[in-house]
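Below: the structure, in C-alpha cells.
Quick caveat, the model's predicted, so the values are computed rather than measured. Every chain is numbered from 1, with letters handed out A, B, ... down the list of sequences.
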Amino acid sequence: MVVKVTLKDGSIREYQKGTTLARVAADISGRLGREALAASLDGRLVDLATPLERDAGVVFYTFDDEEGRQVFRHSTSHVLAQAVQRLFPGTRLAIGPAIADGFYYDFDSPVRFTPEMLEKIQAEMESIVEEDLSFERLDMSRQEALEFFRRAGEDYKVELINDLPENAAISCYRQGEFTDLCAGPHVPSTGRLKSLKLTGLAGAYWRGSEKNKMLQRIYGTSFPRKSMLDDYLFRIEEAKKRDHRRLGTELDLFSIQEEGPGFPFFHPKGMVLRNELERFWREVHRKRGYQEVRTPIILNRSLWERSGHWDHYRENMYFTRIDDSDYAVKPMNCPGSILIYKSRLHSYRDLPVRLAELGLVHRHELSGVLHGLMRVRCFTQDDAHIFMLPDQVKDEITGVIDLVDYFYSVFGFKYRVELSTKPEKAMGTEEIWELATGALEDALKSKETDYKVNEGDGAFYGPKIDFHLEDCLGRTWQCGTIQLDFLMPEKFDLSYIGEDGQKHRPVMIHRVVFGSMERFIGILTEHFGGAFPVWLAPVQVRVLPITDRQLDYGREVTARLEREEIRAELDDRNEKINYKIREAQGLKIPYMLVVGNREAENGTVAVRHRSAGDLGPAGLEEFVSRIREEIRTRSV
RNA sequence: GCCGCCGCAGCUCAAUGGCAGAGCAGCCGCCUUGUAAGCGGGAGGUCCGGGUUCGACUCCCGGCGGCGGCUCCA
C-alpha cells in the first residue's frame, strides 16, 4: 500500500506504507539523510525511526532548526545521565531538558560531583558517542512504567509518572543499558552527538522549589561538529568581554566594594552617563505630561502597614528607629507618591495626574542573587504613578507602552514583553485581579504586542506588564514594567471629585521605563560593549598632541570643545602617539583628535573615530558642528 | 538563603608546608615621537579571625566577599 507524504515545500512523494522517516529523508537527499535529527508528522514531533502509516505532512529537522537543536541537546542529556550512572551507580535521575544553548541534567547522588569528575563524565560520554548506541523508543503502560522505575529505585521518575495526566501516553527511551522516562523524540543514535562539552556544575532544587531537596545539576552543550563547539566557546569568551562588571572597572564607571555588597558606587564617569540618561528622561517625561516629585527615603511604619508592604514585603525591607518609633527605608516609591496625591483635593478635570520620581529604593535581596548593577540592594527607579479615572485606564496603559517602546528604540534595544498575573501572596479579591489583568491584556492586544504570560509573577497589589532586555550572555532582565492597581487607592482612601460633585475612587498605574537606572546602565554597557553613543559617552573627545610642542594648540582645541559643552580631555603626557591612541581606543572614546605641527599651523584637527579609524584632517569648527549634531540627535 | 567553585599588587595571573614572583597600569628619568604597546629605574601584595606546625599564601575550622547556578525580583 502506498502513502502520500507532503513536504514543507508543498511537493508530494509516495512511499510504501511502513517506510521509516529516516528512509524518506535519505531518499529526498543524501545530505538530509545524514543531517536530519527528527521530524514532525502532521505537526507532531517524532523520531526518524517512525514508520509511515498513512498520508501525512512531514517536516524534517536538522541542527539548523530550533526543533532539531532541542532534540540534539536533549539526546545529549540522556547520554550525560547514562555516563553518570555508569560511573556513579546509585545516582538517581531527576530531569534533563534542553535549554537555550545546551542542556542540563539534575541528579540525586550519594557522591558530590567535582570539576575533576566532570572531566571523567565527559570522557565517558564521549565513549558512549563512540559506541554509537541507537535510541530506542519503548511505549509503556502506566503500570509497566511505574514498576520499571520502582524496581530501578528511580523515585523521582516514579513521582513524575504519578503526576502525568490520566490519559497521557507514557514512553521511555533506551540506549544500550540505559533507559529513561521520556516523551522524546531523540536523534537516531548516540553517534550523532559528535562534539560535546560539560560546562558547569550547580545546585538546583527538585521541581524548582526551595522547600525540596537540592539536587546536583550538570550543564553542558553539544554540536554536530567540533568547529561549531569551538565557535560557540569563542563567542562566549567574546561576550564576557562585554560584561558590564568588567567594563565598569575598565572604564571607571562604577564599583562595588566589600563595605557595601549590592550597594554600587558610581564614579565620575559613570555619573556622566547616568546624568545624561536622566536628562533625556526628564525631557521626554515633561513633554508627555508628567510632573516630577521626590519623596523621602525613610517613612513611618504606619505608612507601610497601611500600604500592605508590612504584611507582604517585610522580608525585603530595611528598618530603623527614630525617637522610639519604627521607620522603614522605602522599598518602593508608591506610598510616597500617594501621600502627595492625597495632600490636596483633585477634580476629575485634573486627571490623569502623572507623578514621576527618580526614586532611590532599598530592598534586601538574598546575597546569592546579587549581580553587578543588574541585581543590587539599592537602586533608583525611574518611577511614575498615574492617578486616573477608570475610563482613562486603557489610554494611559497604551501611552506607557508607547513610551517604553520609544525609549528602547532610541538605544536600539530589542525587548520581550510578559504579562505577570496574581501571585500567591496578594492583596485584594479575585474579581479585582481579573479586572486589572484583563485591562492589561486588552491594552497589549490593542497594540498587537507579542507577549508571554507569567503566572503568579505579579506584584502583591496588582498584575503587571514586564519589559525584558538581554545582557551579553543572553540572560534577560526585567526593566520596564506597568502595574495596574485598584488596591492602593482603596487602602489609602484616594478620591477625586466627579462631575456629580461626589467623591470617587481613582485607579492607579505604577510604571518604570528604564526599570532602575543601575540595571539599565548595566544593560546599556553590555549592549554597546562600553562603546557608548557619543551623547552618552563619559568622554566624547580626547585630544592627542603628537609631541609636547603642540601642547598649547592641544589646550586651545580642548578649551574650544569644552566651550561647546563637549566632554573633552587632553592627553598631555609625554608619550608616543601610538601609545596615546591605543589607550584612548581601549577606553572606547568616540573621537580622538590628533594634533601635530600640520594641524597647529592650519587650525585643523586629524580626526580618528574609535571604530571607523583615521578620518583625515578637518577644520576644528567643522568637527565641532559635526559632533554637536551627533550629540543633539542622540544618534547611536 | 541554598549548591558548587574561588579569594595573592590598582588590573590579569604565577608560587602545593621552607626568603612571595611576572606582565600591564601608576611614580621617576631618558627618548620629542604622525594613527593600537619606545627604553631604563624604583615603589607596591597573601580578605578577616582562630587552629595545626619549628615554619602556613599553601592544611583545618569559622566569618566576610566574589563567580556560576537554584529560588526570588527592577
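Between A:Q550 and the phosphate of B:U32, there is no side-chain N or O to OP1/OP2 separation shorter than 4.0 Å. Note on A:R377: every side-chain N or O is 4.0 Å or more away from OP1 and OP2 of B:C72. OP1 or OP2 of B:G34 has not a single side-chain nitrogen or oxygen of A:K580 nearer than 4.0 Å. Taking only side-chain nitrogens and oxygens, A:R475 comes nearer than 4.0 Å to OP1 or OP2 of B:G69. For B:A37, one of the phosphate oxygens OP1 or OP2 lies less than 4.0 angstrom from a side-chain nitrogen or oxygen of A:N578. Residue A:Q478 has a polar side-chain atom (N or O) positioned under 4.0 Å from OP1 or OP2 of B:A74. In terms of phosphate contacts, A:R363 brings no side-chain nitrogen or oxygen within less than 4.0 Å of OP1 or OP2 of B:C72. Contact annotation: A:T249 side-chain N/O to B:C11 OP1/OP2 distance is not under 4.0 Å. Within the 4.0 Å cut-off from OP1 or OP2 of B:C67, at least one side-chain nitrogen or oxygen of A:R245 is found. When the side-chain nitrogen and oxygen atoms of A:R246 are compared with OP1 and OP2 of B:C11, none of them lie within a distance under 4.0 Å. Residue A:H371 places at least one side-chain N or O closer than 4.0 Å to OP1 or OP2 of B:G68. Between A:Y579 and B:A25 there is a side-chain N or O to OP1 or OP2 distance below 4.0 Å.
Checking B:G1, B:C70, B:C73 against every side-chain atom of A:A204, the shortest atom distance belongs to B:C70. Comparing B:A36, B:A74, B:G69 by their nearest atom to the side chain of A:A202 picks out B:G69.
Contact annotation for A:R519: base contact, defined as any heavy-atom pair under 4.0 Å involving a base atom. Residue contacts shown for A:V369 include a base, since a base heavy atom lies under 4.0 Å away. A:V361 comes within contact range of no nucleotide atom at all, as no heavy-atom separation falls under 4.0 Å. Within the 4.0 angstrom heavy-atom criterion, base atoms lie near A:M374. If you check every strand for non-hydrogen atoms under 4.0 Å, A:G200 touches nothing. Across all strands shown, A:K211 has no heavy atoms under 4.0 Å from either base or sugar-phosphate atoms. Within the nucleic acid shown, A:E365 comes within 4.0 Å of at least one base atom, counting heavy atoms only. A:A584 comes within 4.0 angstrom of nothing in the nucleic acid, heavy atoms only. Counting any heavy atom pair closer than 4.0 Å across all strands shown, A:Y219 reaches sugar-phosphate atoms only and no base atom. Contact annotation for A:R112: backbone-only contact, meaning every heavy-atom pair under 4.0 Å involves sugar-phosphate atoms and none involves a base. Counting non-hydrogen atoms under 4.0 angstrom, A:N597 reaches a base of the nucleic acid. Using a 4.0 Å heavy-atom criterion, one finds that A:I546 contacts the bases of the nucleic acid, with or without backbone contacts as well. In this structure, A:R573 reaches the sugar-phosphate backbone alone: every heavy-atom distance under 4.0 Å involves primed, P, OP1 or OP2 atoms, never a base.
Summary of the strand contacts: A:G515 and A:R549 both lie near RNA chain B, and taking for each the nucleotide with the nearest heavy atom, the more 5' one is attributed to A:R549. A residue-by-residue look at A:M214 and A:C378 shows that A:M214 has its nearest nucleotide of RNA chain B further toward the 5' end.
Remark: C1' of B:C11 and CG of A:L247 are 14 Å apart, rounded to the nearest angstrom. If you take CG of A:D548 and C1' of B:C31, they are 11 Å apart, rounded to a whole angstrom. We find that OH of A:Y553 is positioned 19 Å from P of B:G34, with the value rounded to whole Å. The CD atom of A:E583 sits 6 Å away from the P atom of B:G26 (whole-angstrom rounding). We find that CG of A:L370 is positioned 15 Å from P of B:C73, with the value rounded to whole Å. Look at CG on A:D466: it is 7 Å from P on B:A74, rounded to the nearest Å. Straight-line distance from the CG atom of A:L118 to the P atom of B:C3: 19 Å, rounded to whole Å. The interatomic distance linking A:R542 (CZ) with B:U35 (P) rounds to 19 Å, in whole Å.
Nucleotide B:C73 forms a pair with no other nucleotide shown, judged by Watson-Crick or G-U wobble geometry with both contacts under 3.5 Å. Under the Watson-Crick and G-U wobble criteria, each requiring two contacts below 3.5 Å, nucleotide B:G68 is paired to B:C3. The base-pairing partner of B:C30, taking Watson-Crick or G-U wobble contacts with both distances under 3.5 Å, is B:G38. Pairing of B:C54, defined by two Watson-Crick or G-U wobble distances under 3.5 Å, is identified with B:G18. The partner of B:C24, taking Watson-Crick or G-U wobble pairs whose two distances both stay under 3.5 Å, is B:G10.
Judged by atom type and distance alone, A:R608 reaches the base of B:A36 through a side-chain donor-acceptor pair under 3.5 Å. Residue A:E599 places a side-chain atom within donor-acceptor reach of the base of B:G34, judged by atom type and a 3.5 Å distance cut-off alone. The base of B:G69 has none of its N or O atoms less than 3.5 Å from a complementary donor or acceptor on the side chain of A:Y205.
Taking the six-membered ring where the residue is Trp, A:F411 and A:F413 present parallel rings, their angle staying beneath 30° rather than reaching 60°. Relative orientation of the A:W206 and A:Y156 rings is perpendicular, given thresholds of 30° and 60° on the angle between their planes.
Checking each of A:R242, A:K240, A:R235, A:K241 against A:E238 for a side-chain hydrogen bond (donor to acceptor under 3.5 Å, both in side chains) leaves exactly one that passes, namely A:K241. Test A:F319, A:F460, A:Y318 against A:H309 for ring-ring contact (aromatic ring centres under 6.0 Å, His included) and you get one pass: A:F460.
Between B:G29 and B:C13, the two P atoms lie 33 Å apart (nearest whole Å). Distance noted for atom P between B:C11 and B:G51: 30 Å (whole Å). Taking the C1' atom of each, B:U52 and B:C59 are spaced 8 Å apart, rounded to whole Å. For B:A9 and B:G26, the C1' atoms lie 11 Å apart once the distance is rounded to whole Å. Taking atom P in both B:A36 and B:A20, one finds a spacing of 43 Å when rounded to whole Å. Comparing the C1' positions of B:C8 and B:G44 gives a spacing of 13 Å, expressed to the nearest Å. Remark: the separation of the P atoms in B:G62 and B:A22 is 36 Å, to the nearest Å. A gap of 23 Å separates the P atoms of B:G1 and B:C60, to the nearest Å.
Within a 6.0 Å radius of CG in A:D163, more than 12 heavy atoms belonging to other residues, nucleotides or ligands are found. No more than 12 heavy atoms of other residues, nucleotides or ligands shown are found within 6.0 angstrom of CZ on A:R279.
Taking the six-membered ring for Trp and the full ring otherwise, the centers of A:F379 and A:H362 sit at least 6.0 Å from each other.
A:Y104 does not carry A:R73 over the face of its six-membered ring by the limits of under 6.0 Å from the centre and within 45° of the normal. Taking the ring centre of A:Y591 as origin, the terminal cationic atom of A:R610 falls outside the region bounded by 6.0 Å and 45° from the ring axis.
Looking only at distances, no side-chain donor or acceptor of A:R608 sits under 3.5 Å from a matching main-chain atom of A:M592.
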